[in-house]
Amino acid sequence: MLDIKLLRDNPDLIRQALGKRGADPALVEAAMEADTRRRALLKETEASKNQLNVVSKEIGKLRQSGVDTAAQQASMRALGDQIAALDEKVRGVDLELRQAMLRIPNMPHDSLPVGKDAADNVVARAWGSVREFSFTPRGHVELGESLGLFDFTRATKMTGAGFPLYVGAGARLERALINFMLDLHCREQGYLEMSTPFVVNTASMIGTGQLPKMAEDMYHVNADDLWLIPTAEVPVTNYYRDEVLTGPLPVKLTAYTPCFRREAGAAGRETRGLIRVHQFDKVEMVKFADPATSYQELETLVADAEAVLQRLGLPYRVLSLCTGDISFAAAKCYDIELWAPGQKAWLEVSSCSNFESFQARRANIRYRRADGKTDFLHTLNGSGVALARLVVAILENYQEADGSITLPEALVPYMDGLRKIERRP
RNA sequence: GGAAGGGUGGCUGAGUGGACGAUAGCAUCGGUCUUGAAAACCGACGCGCCGCAAGGCGCCGUGGGUUCGAAUCCCACCCCUUCCGCCA
């Protein structure tokens, strides 16, 4: 959520910023109009309430001295009814304003490349070299199914399309990757590990910005009005909702969770394999930062995610997302993409964003400044990294001519010393 | 799921219809004293909103209700504690 004061004082700045994103400028007009109406209405309501308060006090005094106050009481009863009607109006306008404000996306940072869509993203850097194969590299579906690492057919029987089922060494690889990444973030990069609920309430979803806009993309548990998390960002960021942080910043947290996404707008796309699924595992990193240093924190956050891929020896590139492609709540965002030889495509496995005070304002997360005042802090998060696609990249990059997989050195201790996944006779 | 008790400012904890946005203590900040510190003493000290300001409105878990007037009375819900039941 943007600062309402900025909307009043400098709406052009917001219009401009939203224009760069390609967002609907009508959102700003709707919010401004509701705000103006709200303030006029408040003036009227508060004057009436003041009168009621003053006269009620007088009635109390008069009655103590034995004076009959029936007339005043009757007129205050009438005024009370008027106030109730005014309050009703204020509530309506408040709701309008809030709904409008919740739907205005964050303003992109000045450093972003200006652009319309994903085609205008800029490659900030690349790491590693793409492997030359002496044979035609296979895709992960063929590799994994022939090695018995996953079983899409039975997963569909259990649940439906898009829910992966890992078996044997495949399941073990999933667990190994999670442990490897958590160990890296916690032991070497200074993050505190958390294990969170996988289901959250509506207030949490609004706090991080998934609701109200993305309701269609979330799994909702009707009986209890709870939501399956689409990312650990939601529980981890909401850890500090409605709190004032008094300790040193940044606070760095990390958590493994499964992520649930309905992918409502993507039905029929990439239905086969692990590239687009309704449930995947992910290790997420979250930072609560001082506004003065949040952009430095973003750079180290990306570096922390890159370290995962460097240890695994996987070639990747870092994209600086353009103004037209960053997500709703982000002010700046880097995507990290892995090369998948079988797909002949770059796969997004991490998205590292600075939300500035956008989430903090929604979730009411503040810190104590040097001058003693409280203010909204900056939140950041990044995948460190997302599974399923990471598994795709490992299988496709480390495949051998005979269809076996040579595991990267860093994973060997996490696989009980297993160096090669081979077809079992 | 059932029963009982409880939810008040950063913390502890008073307050059962009008002078209460709230007594007191602790904590914090400023000052006096001191070589410095501690102690003592003096003072300041919740948040949000509207307003140029003066000032006003709102906030005692949340939402309703009663009343001229609600932290206080009534209803519903949420959360916490204890006990019982069930349970991986």
Side-chain angles (χ1 to χ4, degrees), chain A residues 1-11 31-102 195-207 211 220-227 235 238-249 251 258 288 357 360-377:
Chain A
M1 193 156 57
L2 299 178
D3 190 347
I4 187 93
K5 292 187 192 97
L6 186 64
L7 187 80
R8 278 175 208 152
D9 300 344
N10 205 343
M32 285 182 71
E33 189 275 329
D35 181 48
T36 308
R37 216 152 19 101
R38 174 175 174 272
R39 283 191 286 168
L41 207 49
L42 269 185
K43 236 180 165 176
E44 191 185 350
T45 308
E46 289 180 0
S48 298
K49 285 184 177 176
N50 178 240
Q51 197 196 343
L52 182 83
N53 289 343
V54 168
V55 176
S56 290
K57 271 196 178 133
E58 279 168 13
I59 290 172
K61 283 185 189 132
L62 289 171
R63 282 171 62 105
Q64 267 177 6
S65 51
V67 179
D68 176 67
T69 57
Q72 288 95 321
Q73 289 185 31
S75 91
M76 284 307 100
R77 198 175 305 135
L79 183 60
D81 290 343
Q82 287 174 37
I83 290 172
L86 283 167
D87 268 340
E88 190 63 37
K89 276 193 188 168
V90 171
R91 254 198 302 279
V93 179
D94 266 343
L95 196 69
E96 263 185 74
L97 176 61
R98 184 172 160 75
Q99 289 304 315
M101 290 302 289
L102 285 176
S195 178
T196 74
F198 300 157
V199 180
V200 296
N201 57 32
T202 297
S204 291
M205 285 293 224
I206 289 174
L211 292 180
H220 183 244
V221 182
N222 277 315
D224 300 293
D225 192 20
L226 295 171
W227 306 80
N238 278 281
Y239 181 62
Y240 286 123
R241 174 152 49 85
D242 292 324
E243 293 192 29
V244 178
L245 279 68
T246 51
L249 295 177
V251 173
F288 300 87
S357 56
R361 194 169 285 109
R362 285 173 165 242
N364 190 28
I365 307 173
R366 293 172 297 170
Y367 76 113
R368 195 154 309 268
R369 294 195 312 216
D371 65 4
K373 296 267 187 198
T374 58
D375 198 2
F376 297 111
L377 47 68

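Here is how names work: the chains are called A, B, and so on, in the same order as the sequence lines, proteins then strands, and each is numbered from 1. Any value given below was found using the heavy atoms of this structure, including those in side chains, with hydrogens, waters and symmetry copies removed.
- Listed by residue number, the members of residues 73-84 of chain A with any heavy atom below 4.0 angstrom from RNA chain B are A:Gln73, A:Met76, A:Arg77.
- A:Glu44 has its CD atom 15 Å from the P atom of B:G51, to the nearest Å.
- Computed from coordinates, the A:Glu88 CD to B:G63 C1' distance equals 13 Å when rounded to whole Å.
- Listed pair A:Arg39 / B:G51 meets the phosphate criterion, a side-chain N or O lying under 4.0 Å from OP1 or OP2.
- A:Ala203 pairs by the side chain to side chain contact (heavy atoms under 4.5 Å, CB included) definition with A:Asn201, A:Arg241, not counting sequence neighbours.
- Comparing the P positions of B:A53 and B:C59 gives a spacing of 23 Å, expressed to the nearest Å.
- Of the listed nucleotides (B:C50, B:G64, B:G69), B:G64 has the atom at the smallest distance from the side chain of A:Arg91.
- Taking atom NZ of A:Lys61 as the reference point, atom P of B:G18 lies 14 Å away to the nearest angstrom.
- Consecutive Watson-Crick or G-U pairing (both distances under 3.5 Å) extending over three or more pairs maps onto RNA chain B as B:1-7 with B:78-84, B:10-12 with B:24-26, B:28-32 with B:40-44, B:46-50 with B:55-59, B:61-65 with B:73-77.
- Between A:Glu88 and A:Arg91, at least one side-chain nitrogen of the basic residue sits less than 4.0 Å from a carboxylate oxygen of the acidic one, meeting the salt-bridge criterion.
- For the P atoms, the distance linking B:G5 with B:C86 amounts to 24 Å, nearest Å.
- The backbone N or O of A:Met32 sits less than 3.5 Å from a side-chain atom of A:Thr36, completing a donor-acceptor pair.
- Applying the side chain to side chain contact (heavy atoms under 4.5 Å, CB included) test to A:Leu62 and every residue at least two apart in sequence or in another chain returns A:Val67, A:Thr69, A:Gln72.
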### Message
For a quick check, with a 4.0 angstrom heavy-atom cut-off, what is the B/S/- contact string for nucleotides 56-62 of chain B, read 5' to 3'?
### Response
BBS----
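- Counting non-hydrogen atoms under 4.0 angstrom, A:Arg8 reaches the backbone sugars and phosphates but no base.
- Spacing between B:C45 and B:C50 at atom C1', rounded to whole Å, works out to 24 Å.
- Atom-to-atom, CG of A:Asp225 to C1' of B:G63 comes out at 16 Å; the value is rounded to the nearest Å.
- Two residues are said to be in side-chain contact when any heavy atoms from C-beta on lie closer than 4.5 Å; A:Thr202 and A:Leu211 meet this criterion.
- Applying the side chain to side chain contact (heavy atoms under 4.5 Å, CB included) test to A:Asp224 and every residue at least two apart in sequence or in another chain returns A:Val221, A:Leu226.
- Closest-nucleotide positions on RNA chain B for A:Ile4 and A:Arg63 were compared, and the one nearer the 5' end corresponds to A:Arg63.
- Nucleotides B:G43 and B:U62, compared at atom C1', are 38 Å apart to the nearest Å.
- Taking the side chain as every heavy atom from C-beta outward, A:Asp375 and A:Tyr367 approach each other to under 4.5 Å.
- Contact of the A:Thr196 side chain with the A:Tyr239 side chain is not registered, since no non-hydrogen atoms from C-beta on lie closer than 4.5 Å.
- Only the C1' atoms considered, B:U16 is 33 Å distant from B:G55, to the nearest whole Å.
- Nearer to the 5' terminus of RNA chain B, by closest-nucleotide assignment, is the contact made by A:Glu58 (compared with the other of A:Glu58 and A:Leu42).
- Between the CG atom of A:Asp9 and the P atom of B:C50 there is a distance of 11 Å, given to the nearest Å.
- Comment: A:Asp68 does not engage A:Arg63 in a salt bridge, judged by the lack of any side-chain N to carboxylate O separation of less than 4.0 angstrom.
- Straight-line distance between the C1' atoms of B:G63 and B:A70: roughly 15 Å, to the nearest whole Å.
- Among all heavy-atom pairs drawn from A:Asp3 and A:Met101, the shortest one is C-CE, 4.5 Å.
- When the P atom of B:C52 is taken as reference, atom NZ of A:Lys5 falls 14 Å away, rounded to whole Å.
- When rounded to the nearest whole Å, the span between NZ of A:Lys57 and C1' of B:A19 equals 8 Å.
- At a threshold of 4.0 Å, the pair A:Asp94-A:Arg98 does not count as salt-bridged, since none of the basic side-chain nitrogens sits closer than that to a carboxylate oxygen.
- A:Trp227 has its side chain out of reach of A:Val199: every pair of non-hydrogen atoms, C-beta onward, lies at least 4.5 Å apart.
- For the P atoms, the distance linking B:A24 with B:U82 amounts to 33 Å, nearest Å.
- Among the protein residues, A:Ile59 comes within range of the nucleic acid bases, having at least one heavy atom under 4.0 Å from a base atom.
- One C1' atom belongs to B:G9, the other to B:C26, and the distance between them is 13 Å to the nearest Å.
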